[in-house]
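Data block below; observations after.
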Amino acid sequence: MKKAFTLIEVMISVIIFFITVMAVFEAVKNNTRLISLIRQNNDFSLKASVAVLSPQKKNNYERIKEFNITNDEVIRDLKKDKIIVEIKADLSMEYNISGIRFKERVNKLKAFDKTNSITVYSVGIK
(Lines give C-alpha, C1' and ligand atoms only; values in the text may rest on other atoms or scores of the structure.)
Protein backbone atom coordinates (compact mmCIF):
# COMPACT_ATOMS: atom_id res chain seq x y z
CA MET A 1 0.00 0.00 0.00
CA LYS A 2 1.32 3.45 -1.02
CA LYS A 3 1.32 6.31 1.37
CA ALA A 4 -0.41 9.47 0.07
CA PHE A 5 -0.05 13.05 1.21
CA THR A 6 -2.36 14.11 3.98
CA LEU A 7 -4.78 16.98 3.47
CA ILE A 8 -2.79 19.30 5.73
CA GLU A 9 0.45 18.65 3.79
CA VAL A 10 -1.28 19.47 0.51
CA MET A 11 -2.80 22.66 1.96
CA ILE A 12 0.54 23.84 3.34
CA SER A 13 2.31 23.21 0.03
CA VAL A 14 -0.45 25.11 -1.86
CA ILE A 15 -0.17 28.05 0.57
CA ILE A 16 3.64 28.14 0.16
CA PHE A 17 3.23 28.03 -3.63
CA PHE A 18 0.77 30.96 -3.65
CA ILE A 19 2.93 33.05 -1.29
CA THR A 20 5.88 32.51 -3.64
CA VAL A 21 3.79 33.42 -6.70
CA MET A 22 2.49 36.59 -4.99
CA ALA A 23 6.05 37.62 -4.04
CA VAL A 24 7.19 37.20 -7.66
CA PHE A 25 4.21 39.22 -8.94
CA GLU A 26 4.96 42.01 -6.45
CA ALA A 27 8.62 42.10 -7.52
CA VAL A 28 7.62 42.31 -11.20
CA LYS A 29 5.13 45.10 -10.43
CA ASN A 30 7.78 47.10 -8.52
CA ASN A 31 10.36 46.63 -11.28
CA THR A 32 7.85 47.76 -13.92
CA ARG A 33 7.09 50.89 -11.91
CA LEU A 34 10.80 51.65 -11.43
CA ILE A 35 11.49 51.23 -15.14
CA SER A 36 8.64 53.63 -15.89
CA LEU A 37 10.07 56.22 -13.46
CA ILE A 38 13.54 55.86 -14.99
CA ARG A 39 12.11 56.45 -18.48
CA GLN A 40 10.20 59.52 -17.27
CA ASN A 41 13.37 60.87 -15.64
CA ASN A 42 15.34 60.25 -18.85
CA ASP A 43 12.69 62.06 -20.93
CA PHE A 44 12.72 64.99 -18.51
CA SER A 45 16.52 65.17 -18.60
CA LEU A 46 16.44 65.49 -22.39
CA LYS A 47 13.75 68.19 -22.25
CA ALA A 48 15.59 70.03 -19.47
CA SER A 49 18.78 70.07 -21.52
CA VAL A 50 16.93 72.20 -24.07
CA ALA A 51 15.50 74.39 -21.31
CA VAL A 52 18.86 75.27 -19.75
CA LEU A 53 20.18 76.51 -23.11
CA SER A 54 17.55 79.30 -23.20
CA PRO A 55 16.19 79.65 -19.67
CA GLN A 56 14.37 82.94 -20.32
CA LYS A 57 11.86 81.39 -22.78
CA LYS A 58 8.52 80.06 -21.51
CA ASN A 59 8.44 76.60 -23.16
CA ASN A 60 10.63 74.33 -25.26
CA TYR A 61 8.90 75.28 -28.51
CA GLU A 62 9.90 78.92 -27.98
CA ARG A 63 13.43 77.76 -27.21
CA ILE A 64 13.92 75.85 -30.48
CA LYS A 65 11.44 77.35 -32.93
CA GLU A 66 14.27 78.61 -35.17
CA PHE A 67 14.71 74.97 -36.23
CA ASN A 68 11.45 75.32 -38.24
CA ILE A 69 9.73 72.19 -36.96
CA THR A 70 6.72 71.32 -39.14
CA ASN A 71 5.28 68.28 -37.33
CA ASP A 72 2.16 69.48 -35.46
CA GLU A 73 2.34 66.70 -32.88
CA VAL A 74 5.93 67.56 -31.99
CA ILE A 75 5.06 71.26 -31.77
CA ARG A 76 2.12 70.49 -29.46
CA ASP A 77 4.36 68.37 -27.20
CA LEU A 78 7.06 71.05 -27.10
CA LYS A 79 4.50 73.71 -26.14
CA LYS A 80 3.31 71.50 -23.25
CA ASP A 81 6.78 71.43 -21.68
CA LYS A 82 6.56 74.01 -18.90
CA ILE A 83 10.05 73.69 -17.50
CA ILE A 84 11.17 76.47 -15.18
CA VAL A 85 14.88 77.25 -14.93
CA GLU A 86 16.36 79.01 -11.91
CA ILE A 87 19.88 80.39 -12.20
CA LYS A 88 21.96 81.01 -9.08
CA ALA A 89 25.56 82.20 -8.97
CA ASP A 90 27.46 79.45 -7.20
CA LEU A 91 31.04 80.72 -7.39
CA SER A 92 32.73 83.83 -8.76
CA MET A 93 36.47 84.49 -8.59
CA GLU A 94 38.83 87.02 -10.18
CA TYR A 95 42.37 86.15 -11.19
CA ASN A 96 45.33 88.31 -12.19
CA ILE A 97 48.08 86.29 -13.83
CA SER A 98 51.02 88.22 -15.33
CA GLY A 99 48.90 91.33 -15.74
CA ILE A 100 46.07 89.46 -17.47
CA ARG A 101 42.83 89.74 -15.56
CA PHE A 102 40.00 87.32 -15.99
CA LYS A 103 36.95 86.29 -14.04
CA GLU A 104 35.70 82.76 -13.49
CA ARG A 105 32.02 82.24 -12.81
CA VAL A 106 30.12 79.07 -11.96
CA ASN A 107 26.33 79.13 -12.13
CA LYS A 108 23.94 76.56 -10.78
CA LEU A 109 20.96 76.01 -13.09
CA LYS A 110 18.00 74.11 -11.68
CA ALA A 111 15.38 72.98 -14.20
CA PHE A 112 12.12 71.64 -12.80
CA ASP A 113 8.46 71.01 -13.47
CA LYS A 114 5.68 69.59 -11.29
CA THR A 115 7.30 66.19 -10.74
CA ASN A 116 10.95 66.27 -11.85
CA SER A 117 14.04 68.38 -11.33
CA ILE A 118 17.61 68.39 -12.51
CA THR A 119 20.64 70.50 -11.60
CA VAL A 120 23.31 71.56 -14.07
CA TYR A 121 26.40 73.71 -13.55
CA SER A 122 27.75 76.14 -16.14
CA VAL A 123 31.27 77.52 -16.11
CA GLY A 124 32.30 80.73 -17.81
CA ILE A 125 35.50 82.75 -18.11
CA LYS A 126 35.57 86.46 -18.97
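We number each residue from 1, following the sequence as shown.
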Are the side chains of [Y] and [X] in contact, using a 4.5 Å heavy-atom criterion?
X	Y	answer
N30	E26	yes
D90	N107	no
K108	T119	yes
S92	V106	no

Enter the distance from [X]:[atom1] to [Y]:[atom2] here, rounded to the nearest 0.5 Å.
X	Y	atom1	atom2	result
Y95	I125	OH	CD1	8.5 Å
K88	L109	NZ	CG	11.0 Å
K126	R105	NZ	CZ	7.0 Å
T32	I35	OG1	CD1	6.0 Å
S54	N59	OG	CG	11.5 Å
F25	T20	CZ	OG1	11.5 Å

Hydrophobic cluster membership, with links at side-chain heavy-atom distances under 4.5 Å among I/L/V/M/F/W/Y: are [X] and [Y] in one?
X	Y	value
Y121	L91	yes
V123	M93	yes
M22	V24	no
V10	I16	no
I38	F44	no

What heavy-atom pair brings [X] and [Y] nearest, and what distance separates the two atoms?
X	Y	answer
A48	I118	CB-CG2, 3.5 Å
F112	S117	CB-CB, 3.7 Å
I64	V50	CG2-CG1, 3.6 Å
A111	V85	CB-CG2, 4.2 Å
V52	P55	O-CD, 3.6 Å

Can you see whether R33 engages N31 through a side-chain donor-acceptor pair at a distance of less than 3.5 angstrom?
no

So, N42 versus R39: side-chain donor-acceptor pair below 3.5 Å or not?
no

Is E73 atom CD crowded by more than 12 heavy atoms from other residues, nucleotides or ligands, each under 6.0 Å away?
no

Taking atom NZ of K82 as the centre, report whether more than 12 heavy atoms of other residues, nucleotides or ligands fall under 6.0 Å from it.
yes

Cation-pi check, K65 to F67: give yes when NZ or CZ is under 6.0 Å from the six-membered ring centre and within 45° of the ring axis, no otherwise.
no

Is the NZ or CZ atom of K79 positioned over Y61's six-membered ring, under 6.0 angstrom from the centre and within 45° of the axis?
yes

Is it the case that the side chain of [X] and the backbone of [Y] share a donor-acceptor pair, with hydrogens and angles ignored and the cut-off at 3.5 Å?
X	Y	value
R63	K57	yes
E9	T6	yes
D81	I83	no
S45	N41	yes

My understanding is that only residues two or more places apart in sequence, or in another chain, count here; which of them pass salt bridge (Lys or Arg N to Asp or Glu O under 4.0 Å) with [X]?
X	answer
K80	D77
R101	E94
E104	none

Under the side-chain contact (heavy atoms from CB on, under 4.5 Å) rule, what do I97 and F102 come out as? Steps first, then yes or no, please.
CA-CA 8 Å; I97 299 174; F102 62 93; 3.9 Å; yes

Could you give me the CA-CA distance, side-chain angles and deciding distance for I69 and L78, then say whether side-chain contact (heavy atoms from CB on, under 4.5 Å) is met?
CA-CA 10 Å; I69 298 169; L78 288 171; 3.7 Å; yes

